[in-house]
Amino acid sequence: MNVRRSAAALAAVGVLAAAAPATAADPSPSAKATVSSGLYGKGDPTYDGVWRQSLTLVAQRTLGYKPAPAAVDWLTGQQCADGAFAAFRAAPDKPCDGKLKRDTNSTAAAVQALAATGGHGAVVEKAVHWLKSVQNEDGGWSYYPGDPSDTNSTSVVIGALAAAGADPASVRKSGKSAYDALPAWSIPCDQDGGGALAFQPDKKGDLLPNADATAAGLLGALGKGFVARAGRAPAKDTCGKGTSRTQVADNAGAYLAAAVGKTGHLESTLPGAKAQPDFGNTADAVVALAANGRVEPARKAYAWLEKNASPWAEQSGPAAYAQLILAAHALGEQPGDFNGTSLVSALNSQGPAPQMDTSGQQHEEEKKESRNWGWWIFGVCLVASIGVGFLLSGRKKRQP
């Protein structure tokens, strides 16, 4: 079953939850897993434990928080001896065996989180080494090693490599990097869905537009991960010819901008169901559009989320709050006031409380103190200059 990077159809409970990676993981290892005190969210972590924890830590660091040690320890404790991560390990004290299916998405998400957290270089290095070892011949990555590459997995690995300080262009298999793989999934401008990226070719070899893959592929083509800021606007608003990674990103941005242009949101259709708003994909699209410099459509989508997404986030849990926070960050918005809801408080209440990074606070205090001293010196100089002016004026009046 293929599902979105930002939300998985959790068959066990039959709800749409923001949390999972590009494709649904097979149940691994237990659908009745208990929730650790270090893990964010109260839902069954079987399918998304590492993913939602990673997004949470990334969002907290983006906000300037230092994640709770228990939360970071939970994530590092999920790593297997070979460096990989699975969606969830119910018994992290036991070695990973052949039944536990490691995947690139969980591993890449953990790399981004631990790189942002800092102080876990050895864990990050082992995870990156494993990711490099399972790269496909076309330069891309699949969800599970050995499967055909897909846009979402390739893109999340690009984000991990960049976060770990590795140039994705230099990570190659058979002479090809991830940037060589992405254009193969970009739909030509003269075809239906032109500019979008497909998740991967279908059974007939055709490319079908996929909004989630398009958002992921756009960020991947720009060499970015979960966190992005507004970039420079593209030279053209429309889809253009070319297969460079810049052109792939610009074409993807044109597609997403048009997709959210009318309603402000993307839609998702589950088998047998009517189309409905796709909150997670829309949040991802905001980040992607902003990174591509398409700020106006990104703000329109964010405004729609601000009006409509709070109930979805409350039901879905920490990964959903994290996605909304990253969307706010991309546009410089205030996640503390999301149409009356504090995304910050809502996320932090899902698990162990983080602490504001004291180094960040000290830095801000130093900047404020420096500004205060600057104004004080300016004021002293101003008063002194006025005094000198009066003295000179008085001397001139006393001269014959």
Side-chain angles (χ1 to χ4, degrees), residues 1-9 16-24 55 105 143 150-156 158-159 182-189 191-202 206-222 224 226 228 234 237-239 248-271 273-292 294 296-305 308-309 312 316 319-320 323-324 326-327 330:
M1 177 179 64
N2 288 338
V3 296
R4 301 185 300 103
R5 172 169 56 102
S6 54
L16 193 66
T23 58
L55 279 180
N105 286 225
Y143 184 84
D150 65 78
T151 298
N152 295 61
S153 299
T154 300
S155 298
V156 74
I158 288 175
L182 287 175
W185 302 307
S186 180
I187 300 175
C189 299
Q191 296 183 15
D192 186 29
L197 282 90
F199 175 75
Q200 59 186 192
D202 65 10
D206 296 330
L207 298 176
L208 302 179
N210 182 299
D212 182 47
T214 302
L218 192 163
L219 290 172
L222 294 178
K224 298 185 180 298
F226 296 141
D237 288 336
T238 57
C239 188
V248 168
D250 288 348
N251 289 350
Y255 175 86
L256 288 176
V260 301
K262 293 183 179 180
T263 63
H265 65 83
L266 300 174
E267 291 188 341
S268 175
T269 304
L270 295 175
K274 294 182 179 180
Q276 58 183 341
D278 192 325
F279 299 97
N281 264 356
T282 301
D284 290 345
V286 169
V287 179
L289 285 167
N292 190 228
R294 300 178 188 271
E296 184 177 346
R299 289 197 181 282
K300 182 174 183 178
Y302 184 82
W304 182 86
L305 287 169
N308 300 282
W312 163 76
S316 301
Q323 284 179 273
L324 295 175
L326 295 175

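- We find the CG-NZ distance between Leu305 and Lys300 to be 13.0 Å, quoted to the nearest 0.5 Å.
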### Task
Under the side-chain contact (heavy atoms from CB on, under 4.5 Å) rule, what do Asp237 and Arg294 come out as? Steps first, then yes or no, please.
CA-CA 9 Å; Asp237 288 336; Arg294 300 178 188 271; 4.0 Å; yes
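- Nearest approach of Ala275 to Glu267, heavy atoms of both residues: CB-OE1, 3.5 Å.
- Around CD of Gln191, the count of heavy atoms belonging to other residues, nucleotides or ligands within 6.0 Å exceeds 12.
- Shown here for Asn105 and Ser153, the closest heavy-atom pair between the two residues is ND2-OG, 2.9 Å.
- One distance of note links CG of Asp192 with CG of Leu208; it measures 9.0 Å at 0.5 Å rounding.
- In this structure, Trp312 and Gln323 approach most closely via the heavy-atom pair CH2-OE1, 3.9 Å.
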### Task
Report the C-alpha separation of Asn251 and Cys189 in whole Å, then their side-chain angles, then the decisive distance to 0.1 Å, and conclude whether the side-chain contact (heavy atoms from CB on, under 4.5 Å) test is met.
CA-CA 8 Å; Asn251 289 350; Cys189 299; 4.0 Å; yes
### Query
After noting the C-alpha distance and the side-chain angles of Val260 and Val286, does the key distance pass the side-chain contact (heavy atoms from CB on, under 4.5 Å) rule?
CA-CA 10 Å; Val260 301; Val286 169; over 6 Å; no
### Task
Starting from the C-alpha separation in whole Å, work towards a yes-or-no answer on side-chain contact (heavy atoms from CB on, under 4.5 Å) for Thr154 and Trp185.
CA-CA 11 Å; Thr154 300; Trp185 302 307; 3.5 Å; yes
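- Without hydrogens or angle criteria, Asn308 side chain to Trp304 main chain gives a donor-acceptor distance under 3.5 Å.
- A distance of 8.0 Å separates CG of Leu218 from CG of Asp250, quoted to the nearest 0.5 Å.
- With 3.5 Å as the limit, one finds a donor-acceptor pair spanning the side chains of Asn152 and Asp212.
- Atom CG of residue Leu219 and atom CG of residue Asp284 lie 8.0 Å apart, to the nearest 0.5 angstrom.
- At distances below 3.5 Å, not a single donor-acceptor pair connects side-chain atoms of Thr282 with backbone N or O atoms of His265.
- Pairing each heavy atom of Leu289 with each of Gly253, the nearest pair is CD2-O, 3.5 Å.
- Side-chain contact check for Val156 versus Phe226: some heavy-atom pair is nearer than 4.5 Å.
- For the residue pair Pro209 and Ala196, the shortest heavy atom distance occurs at CB-CB, 3.7 Å.
- Residue Thr214 holds its OG1 atom at 5.5 Å from CG of Leu256, rounded to the nearest 0.5 Å.
- With Thr151 contributing its side chain and Ala198 its backbone, the two residues share a donor-acceptor pair below 3.5 Å.
- The minimum heavy-atom distance linking Leu197 with Leu182 is given by the pair CD2-O, 4.0 Å.
- Here Leu207 contributes atom CG and Asp202 contributes atom CG; the two are 8.0 Å apart, rounded to the nearest 0.5 Å.
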